[in-house]
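Every chain is numbered from 1 and lettered A, B, ... according to where its sequence line falls, protein lines coming before strand lines.
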There are 2 protein chains.
Amino acid sequence: MGGMERADAARNRARILEAASRLFAERPPQDVTMDDIAKAAGVGRGTLYRRYPDRASIAVALLDEHERALQERLLRGDPPLGPGAPPAARLAAFYAAMVELLEDHRHLVLGTEVGRSRFETGAYGFWRAHVRALIVAAGAPDPDALVEPLLAPLAPDVYGRQREALGLTPERITAALTRLAALLA
Amino acid sequence: MGGMERADAARNRARILEAASRLFAERPPQDVTMDDIAKAAGVGRGTLYRRYPDRASIAVALLDEHERALQERLLRGDPPLGPGAPPAARLAAFYAAMVELLEDHRHLVLGTEVGRSRFETGAYGFWRAHVRALIVAAGAPDPDALVEPLLAPLAPDVYGRQREALGLTPERITAALTRLAALLA
DNA sequence: CGCTTAAGCGGACATCGTGTCCACCTATTG
DNA sequence: CAATAGGTGGACACGATGTCCGCTTAAGCG
């Protein structure tokens, strides 16, 4: 961000992310303590806290690149994900892409801390703006009130429950969301 | 449940619930510690933990009666909330009733701990079964995959965000959910 | 009534996770 | 190679959790 990053700092950042990724994968994220991550990364607590004040911020950092890739496709990719298709089709494509993302990084995304903190990430703001624009394009009334209900099914805990407790496949989940997207038709 | 409840036990239970209700109302639930509740209720930690192993179970106990009242109306009340109306209308009525419930007990319902624990309450199972039955009655395919997306907008954190961060009124939220309910038409 | 008994009570305690702070260390620059 | 800004790591203080056990008291019985 600011000036240059020192070599040792960069190396430690990489170590931290790598260690966190491994730990999050092997057991429930809320059972991974900041101390565990510091230990596994071979750095001290102070070093860890310097960059990442809590678990959520680590998960966000890990997800960052994947989310950016999807954001790029939404803005400039081919239809129906990118511009050009009718709103309902674009929403359905967005749902499908999000299911893919959730599926690929399920453990990570669950580490992004349930609760309000989820709404504060830049990524959430982006998804929200995107869906809101689709609602406007579809000419539906009161987009601000409709956007959260359309986004809610993508909440990590809801997705996780459908996959685990209910045993649904990503395909069935996507199909159901596609029917939801038909609201904009 | 089991045998008889001793008089002092009953009195303490009442004190605990009353104190918790007050504390949850006056500040964010996650800032209320078990210790605070014990202090405010004038009982020891041990007494508190005997009945309620965590905050969530206290919130659940407090909500219990209100939820039961709504469940009763769903099963045996007048249409469109109760049986007799078409599925889409009943779902819209259910949404409206849930918004009312969430609004009346917002602080409590947020205390019911975000995250998976929410799915484990008996009340959630009931809402789920109800909505699922409406989907079936409407003849929509794969009710098991559609039910969670239709229920997700009622998640306490989603509702709380719409009310607080976005400043939506309960009326606008209900209106948007009514449009969602139209899926079953 | 008084006695017995078992349920209930409450607070001290051990444990754990968090976040901060500061003395030391090391890349980087001129 | 010296100066220094920034980075490092672990000790520490704090606060919350959940358990344990000696004491108290309600309820049943002779």
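- Across the protein-nucleic acid pair, B:Ile16 atom CD1 and C:dG10 atom C1' stand 11 Å apart, rounded to whole Å.
- Distance from the side chain of B:Thr33 is smallest for D:dT17 among the nucleotides C:dG10, C:dG17, D:dT17.
- In summary, the side chains of B:Tyr159 and A:Glu148 do not present any donor paired with an acceptor at a separation below 3.5 Å, with no hydrogens or angles considered.
- Taking atom OH of B:Tyr52 as the reference point, atom P of D:dA16 lies 22 Å away to the nearest angstrom.
- Between A:Arg68 and A:Glu72, none of the side-chain N atoms (NZ, or NE/NH1/NH2) sits under 4.0 Å from a carboxylate O, so this pair counts as no salt bridge.
- Closest to the side chain of A:Val43, from the set D:dG9, C:dT28, C:dC9, is D:dG9.
- At the heavy-atom level, A:Asp54 lies nowhere under 4.0 Å from the strands shown.
- If you check distances only, the side chain of B:Arg6 does reach the base of C:dA7 with a donor-acceptor pair under 3.5 Å.
- Side-chain nitrogen and oxygen atoms of A:Asn12 include none within less than 4.0 Å of the OP1 or OP2 phosphate oxygen of D:dG7.
- Atoms CD1 (B:Ile37) and C1' (D:dT17) sit 13 Å apart, rounded to a whole Å.
- Residue B:Arg11 places no side-chain N or O under 4.0 Å from the OP1 or OP2 atom of C:dG8.
- In this structure, B:Tyr49 places its OH atom 14 Å from C1' of C:dA14, rounding to the nearest Å.
- Backbone-only contact: A:Arg51 has heavy atoms under 4.0 Å from sugar-phosphate atoms and none from a base.
- The nearest pair of heavy atoms linking A:Leu101 to A:Glu67 is CD2-CG, 4.1 Å.
- In the hydrophobic clustering of ILVMFWY residues, with side-chain heavy atoms under 4.5 Å counting as a link, A:Val136 and A:Tyr95 come out apart.
- Ranked by how close their nearest DNA chain D nucleotide is to the 5' end, B:Ala7 and B:Val32 are led by B:Val32.
- In this entry the distance linking CG of A:Asp31 with P of C:dG17 reads 9 Å, nearest Å.
- Salt-bridge annotation for B:Arg161 and B:Glu164: absent, with no side-chain N of the basic residue lying under 4.0 Å from a carboxylate O of the acidic one.
- In this entry the distance linking CG of A:Asp35 with P of D:dC14 reads 19 Å, nearest Å.
- One finds a side-chain N or O of A:Arg50 lying less than 4.0 angstrom from the OP1 or OP2 phosphate oxygen of D:dG7.
- Put simply, CZ on A:Arg45 is 11 Å from P on D:dA11, counting in whole angstrom units.
- Spacing between atom CD of B:Gln30 and atom P of C:dT18 amounts to 16 Å, rounded to whole angstrom units.
- Between A:Thr47 and D:dG7 there is no side-chain polar atom (N or O) within less than 4.0 angstrom of OP1 or OP2.
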